[in-house]
Amino acid sequence: MSKPKPDWAFALHGGAGAVAGRIYTETEQHLKELASTCRDRLAAGATALDVVDYAVTELEASGLYVAGRGSAPNSAGHVELDASIMDGRSRAAGAVAALQDFVNPTRVARGVMEKTPHVMLAGNGAVEFARQHGYEEVTDPTTYYTLPVGVTRADIHDIAHGTVGAVALDTTGGLAAATSTGGTFGKLHGRIGDTPLIGPGTWADENIAISCTGIGEHIIRSGGASSVAFRYKSGVPLAAALQEMLDEVARLGGDAGVIAVTREGDIAMPYNSEGMKRASAADGSGLFIATFEDEVTF
Ligand code: ASP
């Protein structure tokens with residue numbers, strides 16, 4: 001007998017930059033707590049859009065991942081934040097790129113979606129918009145930003161990466177996705193990766209919601225999240241649609257991870273890097289937390 005379709009489902013990621021041998025207990029614990037709140041909210045009828053917004057905002061504020069507070073400076077010495085959010089049913093979408101010194105770039109991205117006719121604002125224009133609408137600013141960047149767990153300033157000049165993202169299906173059948181990052185370590189001033197790009201980094205439509213992590217340059221050139229959605233829409237099974245994108249990223253010389261949830265409530269979280277911090281749950285099943293292959297048990 002096939003399993004009944006879950007009423008709701010979601011997945012979270014804390015980046016595909018996990019390095020084998022490092023200990024991620026703190027982030028796994030954090031993902032578990034956050035996932036349990038997301039589960040309660042979806043079960044109580046929250047929209048997929050509100051849940052992905054909430055989850056990514058919390059991940060940004062925690063300072064535990066390379067996004068929001070945990071972002072590292074670029075090669076010019078300051079943090080530039082990228083974020084995007086998309087609602088599947090309406091196809092409404094918003095994004096910010098190279099935004100400096102706001103606490104919750106994903107909230108600003110949602111503001112772009114809801115308060116402007118545009119999809120993306122970048123750099124000084126994004127700052128002006130965020131100020132005009134009263135989004136919380138980082139008052140002292142020298143003390144606000146932390147480095148992600150297990151990473152030191154010495155690592156910044158290597159291309160390392162990490163990002164956060166969330167995808168959700170709500171009880172009305174709505175799907176949404178959001179992704180946020182400080183980008184790759186040591187990136188050039190003004191460099192923008194896949195994360196704020198609606199299409200490569202974040203995608204949600206009436207069938208599927210997807211958030212990517214990994215080396216943005218390769219994800220962009222592979223087609224990224226929307227290429228998975230188009231394969232899935234044309235009948236390619238979920239796992240194969242995701243694997244084809246990851247294979248394309250690998251062929252181009254990069255690595256990546258993807259989280260996806262479908263309108264059927266199926267969840268997939270594949271990666272071809274060493275590990276990806278991740279969590280998921282669906283109506284009728286327990287929380288799943290992992291960084292490497294094996295599920296973490298608490
Ligand atoms: N995709 C992000 C970027 O290239 C980094 C990451 O996911 O780790 O900016």
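The first residue of the sequence shown is numbered 1, and numbering continues consecutively from there. Ligands are counted one by one from 1 in listed order, and the atoms in each one are counted from 1 as well. Worth saying up front: this structure is predicted, and the values here are computed from it rather than measured.
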Between I215 and ligand 1, is there a nitrogen or oxygen pair with a distance under 3.5 Å? no
So between E80, K187, R191, whose heavy atom ends up nearest atom 4 (O) of ligand 1? R191
Considering only Ile, Leu, Val, Met, Phe, Trp and Tyr, and joining two whenever side-chain heavy atoms are under 4.5 Å apart, list the other residues clustered with I192. none
Can you tell me how far NZ of K277 sits from OG1 of T213, rounded to the nearest 0.5 angstrom? 8.5 Å
Under 3.5 Å between any N/O of I219 and any N/O of ligand 1: does that happen in this structure? no
Can you tell me how the ring of F10 sits relative to the ring of W8, calling it parallel under 30°, perpendicular over 60° and tilted otherwise? parallel
Heavy-atom count check: over 12 atoms from other residues, nucleotides or ligands less than 6.0 Å from D247 CG? yes
Atoms in ligand 1 flagged as close to T195, the criterion being non-hydrogen separation under 4.0 Å: 1 (N), 2 (C)
Candidate with minimal heavy-atom separation from atom 1 (N) of ligand 1, of D194, T213, T163, T179: D194
With a 3.5 Å cut-off and sequence neighbours excluded, list the donor-acceptor pairs that the side chains of residues 93-103 form with protein atoms.
unit_1	atom_1	unit_2	atom_2	d
Q100	NE2	H78	NE2	3.2
D101	OD1	Y145	OH	2.8

At a 4.0 Å cut-off, with the gap strictly under it, does some heavy atom of G15 reach an atom of ligand 1? no
